[in-house]
Protein chains: 2
Amino acid sequence: MLPMQPGKLTENTIRSSGHHITPQRLVILDVLKGSNGHASADEIHSHVRSRCPKLHISTIYRALDMLKRLGLVTETALGDGKLRYHLHVKGYHHHLICEKCGRVEEMDEATFTPLKAALKRKHRFHADLRHLAIFGRCQACA
Amino acid sequence: MLPMQPGKLTENTIRSSGHHITPQRLVILDVLKGSNGHASADEIHSHVRSRCPKLHISTIYRALDMLKRLGLVTETALGDGKLRYHLHVKGYHHHLICEKCGRVEEMDEATFTPLKAALKRKHRFHADLRHLAIFGRCQACA
DNA sequence: TGCAAAGATGAAACTATTTGCAACTCCATG
DNA sequence: CATGGAGTTGCAAATAGTTTCATCTTTGCA
């Protein structure tokens with residue numbers, strides 16, 4: 001059995017949720033895949049320009065919003081007045097953001113399992129812990 | 001020994017951090033104190049108008065930014081395109097936000113103590129868990 | 001295939017938030 | 001209790017992000 005390409009997996013998720021695969025979205029996804037960090041809408045826009053000059057920034061915001069709803073993209077406010085976007089291709093993860101140096105560390109879900117259970121038990125709340133950004137101080141800045 | 005008024009405590013924090021107490025800020029703080037939920041900058045502005053018609057909305061944004069830095073106010077994105085602000089007068093708390101009905105439940109810090117310890121132990125990260133908004137489904141919408 | 005409906009796009013208008021600046025106010029200090 | 005400098009304010013303009021709408025595309029299905 002061949003492994004499914006990450007691109008195809010993403011496209012299937014989009015399609016099976018009733019959304020369309022469009023050339024614009026493919027370019028946006030490709031830019032997101034290439035950006036190894038957290039890109040702002042504006043940064044995505046300028047990267048996209050060369051390949052698709054008429055692609056309007058509102059299309060980017062709408063694409064990001066859809067991807068966010070589907071859990072394929074994380075939106076994070078890193079404190080500089082812009083929202084940043086990050087593609088989930090290899091499962092979910094969370095962000096530890098240093099308030100001082102701005103470094104972003106990624107971590108897996110496991111640490112949150114007890115919290116998730118506690119929220120369900122104590123508050124009867126079913127937490128969707130895919131989008132978590134936790135602020136604080138990293139080891140170096142503590 | 002008399003208990004310190006909450007207002008005075010807040011004012012001392014502001015003053016001792018090198019910021020000024022101004023009539024504008026007193027009105028803004030008063031509105032925040034009165035708003036029992038999560039007020040947007042615009043909502044604060046319209047409440048403030050009656051008492052201080054010339055108070056500009058950028059002054060509100062700047063006051064909120066200062067209060068946020070001092071840890072006196074929490075800024076939360078509830079997903080409606082506006083940021084919401086909440087005054088911390090009685091200790092910190094967190095938000096459980098239902099993705100379906102939009103209901104916001106507040107919860108205390110205690111549930112996060114094990115998570116905080118785990119982050120420090122496993123990632124050497126000193127989490128500042130005062131700003132947490134957790135999305136998911138509430139009991140009714142689960 | 002070919003079509004209709006659901007969904008997406010670009011453009012412009014609109015709302016939300018931030019910033020630059022000159023004038024003004026607070027308050028620690030003398 | 002006057003003063004100077006740091007901090008604030010109001011305004012205008014800039015930057016971010018959202019929404020409306022007419023037009024165009026994608027996709028499931030006949």
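Lettering of chains follows the sequences in order, A, B, ..., and the numbering in each one begins at 1.
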When you measure from the side chain of [X], which nucleotide among [options] comes out closest?
X: A/Thr59; options: C/dG10, D/dA6, D/dG10; value: C/dG10
X: A/Ala41; options: D/dG17, C/dT9, C/dC27; value: D/dG17
X: A/Thr22; options: C/dA8, C/dA28, D/dT9; value: C/dA8
X: B/His56; options: D/dA16, D/dT19, D/dC11; value: D/dC11

Rounded to the nearest 0.5 Å, how far does CG of B/Leu67 lie from OG1 of B/Thr10?
->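 Going from the OG1 atom of B/Thr10 to the CG atom of B/Leu67 covers 8.5 Å.
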
Between CG on residue B/Asp30 and CZ on residue B/Arg51, distance to nearest 0.5 Å |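 Here the rounded value is 4.5 Å.
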
Check whether any side-chain nitrogen or oxygen of [X] sits under 4.0 Å from OP1 or OP2 of [N], and answer yes or no.
X: B/Arg25; N: D/dT9; answer: yes
X: B/Gln24; N: C/dT25; answer: no
X: B/Tyr61; N: C/dT18; answer: no
X: B/Lys82; N: C/dA16; answer: yes

A/His47, NE2: over 12 other non-hydrogen atoms inside 6.0 angstrom =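 Not more than 12 within 6.0 Å, no.
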
Do NZ/NE/NH1/NH2 and the carboxylate oxygens of B/Arg62 and B/Asp65 come within less than 4.0 Å?
->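 No, this pair does not count.
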
Please figure out whether B/Gly18 or B/Lys54 has its closest DNA chain D nucleotide nearer the 5' end.
->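 Nearest-nucleotide comparison on DNA chain D picks B/Gly18.
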
Integer-rounded Å distance: [N] [atom2] and [X] [atom1]:
X: A/Leu70; N: C/dG7; atom1: CG; atom2: P; value: 13 Å
X: A/Arg15; N: D/dT27; atom1: CZ; atom2: C1'; value: 8 Å
X: B/Ile57; N: C/dT15; atom1: CD1; atom2: C1'; value: 10 Å
X: B/Asn12; N: C/dC27; atom1: CG; atom2: C1'; value: 14 Å
X: B/Leu26; N: D/dT9; atom1: CG; atom2: P; value: 10 Å
X: A/Asp42; N: C/dT17; atom1: CG; atom2: C1'; value: 15 Å
X: A/His19; N: D/dG28; atom1: NE2; atom2: P; value: 14 Å
X: A/Met66; N: D/dT18; atom1: CE; atom2: P; value: 15 Å

Measure from the side-chain N and O atoms of B/His45 to the backbone N and O of B/Leu55, and report whether any donor-acceptor pair falls under 3.5 Å.
->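 Checked: pair present.
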
Looking only at atom types and distance, does a side-chain atom of A/Arg25 sit under 3.5 Å from a main-chain N or O of A/His20, one as donor and one as acceptor?
->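 Here the side-chain-to-backbone pair exists.
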
Sugar-phosphate, base or nothing in reach of [X], heavy atoms under 4.0 Å:
X: A/Ser58; result: base
X: A/Pro23; result: sugar-phosphate
X: B/His20; result: base

What about B/Arg84, does its side chain sit under 3.5 Å from the base of C/dT17 through a donor-acceptor pair?
->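 No pair found.
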
Examine the base of C/dG20 for any acceptor or donor lying under 3.5 Å from a partner atom in the side chain of B/Arg62, and report the outcome as yes or no.
->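 Yes.
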
